[in-house]
Number of protein chains: 2
Amino acid sequence: MRVTKAQAQANRAHIVETASELFRERGYDGVGVADLMAAAGFTHGGFYKHFGSKADLMAEAAACGLAKTASAEEALDVAQFFQRYLSREHRDARSTGCTMAALCGDAARQPAAIKATFADGLEGLLKRAEHAGAENGDQDPHTARARMIERFAQAVGAIMLSRACPDDAPLADEIIEVCRKAIVAPLAD
Amino acid sequence: MRVTKAQAQANRAHIVETASELFRERGYDGVGVADLMAAAGFTHGGFYKHFGSKADLMAEAAACGLAKTASAEEALDVAQFFQRYLSREHRDARSTGCTMAALCGDAARQPAAIKATFADGLEGLLKRAEHAGAENGDQDPHTARARMIERFAQAVGAIMLSRACPDDAPLADEIIEVCRKAIVAPLAD
DNA sequence: TGTACATCAGTGAACGCGCGTTCACTGATGTAC
DNA sequence: TGTACATCAGTGAACGCGCGTTCACTGATGTAC
């Protein structure tokens, strides 16, 4: 049963978004094409009408997820961004949280196309930090960029280490809280 | 063809060590039981004479790999440890590098037994940092612990983000270098 | 110490299963007259 | 605008393949006498 062009396009976008969330939750190898299509409300056979392969979708889903982190960064100032990033809520919300934190371990073993998507996402984050620092006039772009790299690496590391701990381990919360203070406190000055 | 008890025990240890390296290189889902046994010099059938399941081996291999990071930390002072940790050599040496950096993304999706192994490994790292800080007399244990959490989260995040970039991306090296300076420079005082 | 038997580490074929992908088919949509 | 035909998004069965795991078998090791 054929479907409107507009509907088909909307369905495709919905599949990408669903995939983006499922991959973040379970990893690239943890989600099958059939799982994914079922979660989006379709049967698996139609998948190849939209995508050349599972790998193609992985790249699109990564780009889709990374764009969300980018818009969150743009909407908030640096302190607010990291205040939310380094929270238990973010750590526990794997499927809707940062794609970088959820999948950068997997990305490292993926083909160059997917790695390039991650690098582009990160570069976008840094470029915006450079501009923001320049606008506030309190940092030259080079310093603003370096500070953002340091903070983001720490924030991603904290979320990932925290998620690798058992849910009930006090250490899981401790990592988040210590790193949140380390990043946010100096920004309050 | 049966084998000496001592030989069997040595073979078992060799399988665990081989697995630890292969898992770090390709991730838990990227290595099959047959791959692994072949890499260790055996056929796959004998696997279940040593281990109850692949998951059991994953836990043992994680413990084995994390112990290596622990002994590296013990042998070096803090500045030396991070100087080596945040190097291109470490980033490129996935199979022999830090298990936490190679597998904490995968660990987050594993059963509690494996997560507990990671948490224990991290706790060991922190306990030694507390003692080292106390011995030097320049930090109380609580502060030494917090500083170690901050530094280690940043170091793990930097290695993981760097590895998620394409090999030829300048950003991959930039992340490592910026974070190495951020951690090591203040320690030189 | 020497002999006979039980044990069990390691082998390689075989198992069921779920994966990514293909394909013939359906029927509403898009298009040409 | 109405009709006839081509298109193609979505369906569900089927494919080959590699996975984790099982099993009958081998033959050197360990053990009991």
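Just so it is clear: chains get the letters A, B, ... in the order the sequence lines come, proteins before strands, and each one is counted from 1.
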Spacing between [X] atom [atom1] and [N] atom [atom2], to the nearest angstrom:
X: A/Phe51; N: C/dT22; atom1: CZ; atom2: C1'; value: 18 Å
X: B/Asn11; N: C/dG10; atom1: CG; atom2: C1'; value: 9 Å
X: A/Gln9; N: D/dC8; atom1: CD; atom2: C1'; value: 15 Å
X: A/Met37; N: C/dG20; atom1: CE; atom2: C1'; value: 13 Å
X: B/Gln7; N: C/dC8; atom1: CD; atom2: P; value: 17 Å
X: A/Phe47; N: D/dA14; atom1: CZ; atom2: P; value: 22 Å
X: A/Leu36; N: C/dT21; atom1: CG; atom2: P; value: 12 Å
X: B/Phe42; N: D/dT21; atom1: CZ; atom2: C1'; value: 19 Å

Nearest-nucleotide pick for [X], side chain only, options being [options]:
X: A/Arg2; options: D/dG30, C/dT21, C/dG30; answer: C/dG30
X: B/His44; options: D/dT11, C/dT11, D/dT22; answer: D/dT22
X: B/Asp35; options: C/dT11, C/dA14, D/dC19; answer: D/dC19
X: B/Ala8; options: C/dA9, D/dG10, C/dT11; answer: C/dA9

With both distances under 3.5 angstrom, what nucleotide forms a Watson-Crick or G-U wobble pair with [N]?
N: C/dA14; answer: D/dT21
N: C/dA4; answer: D/dT31
N: D/dA9; answer: C/dT26

* **Donor-acceptor contact below 3.5 Å, side chain A/Gln154 vs main chain B/Gly157** =>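 Flag not set: sc A/Gln154 to bb B/Gly157 has no pair under 3.5 Å.
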* Checking B/Thr18 side chain against B/His14 main chain: does a donor-acceptor pair fall under 3.5 Å? ->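 Yes, because the side chain of B/Thr18 sits within donor-acceptor range (under 3.5 Å) of the backbone of B/His14.
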* **Closest-nucleotide ordering on DNA chain D, the 5'-leading residue of B/Ala55 and B/Val3** =>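 Comparing both residues, the 5'-ward one is B/Ala55.
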* Asked: On DNA chain D, nearest-nucleotide positions of B/Gly32 versus B/Lys49: which is more 5'?
  ->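 That would be B/Gly32.
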* Basic-acidic side-chain contact under 4.0 Å: B/Asp106, A/Arg109 ->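 Answer for the salt bridge query: yes.
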* For C/dG20, does either OP1 or OP2 sit under 4.0 Å from a side-chain N or O belonging to A/Lys54? ->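 Yes, because at least one side-chain N or O of A/Lys54 sits under 4.0 Å from OP1 or OP2 of C/dG20.
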* Can a donor-acceptor pair be found between the side chains of B/Ser20 and B/Arg24 at a distance below 3.5 Å? ->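 Yes - a donor-acceptor pair under 3.5 Å links their side chains.
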* Asked: Which heavy atom in B/Arg163 sits nearest to a heavy atom in B/His90, and how many Å separate them?
  ->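 Minimum heavy-atom separation between B/Arg163 and B/His90: NH2-O, 3.0 Å.
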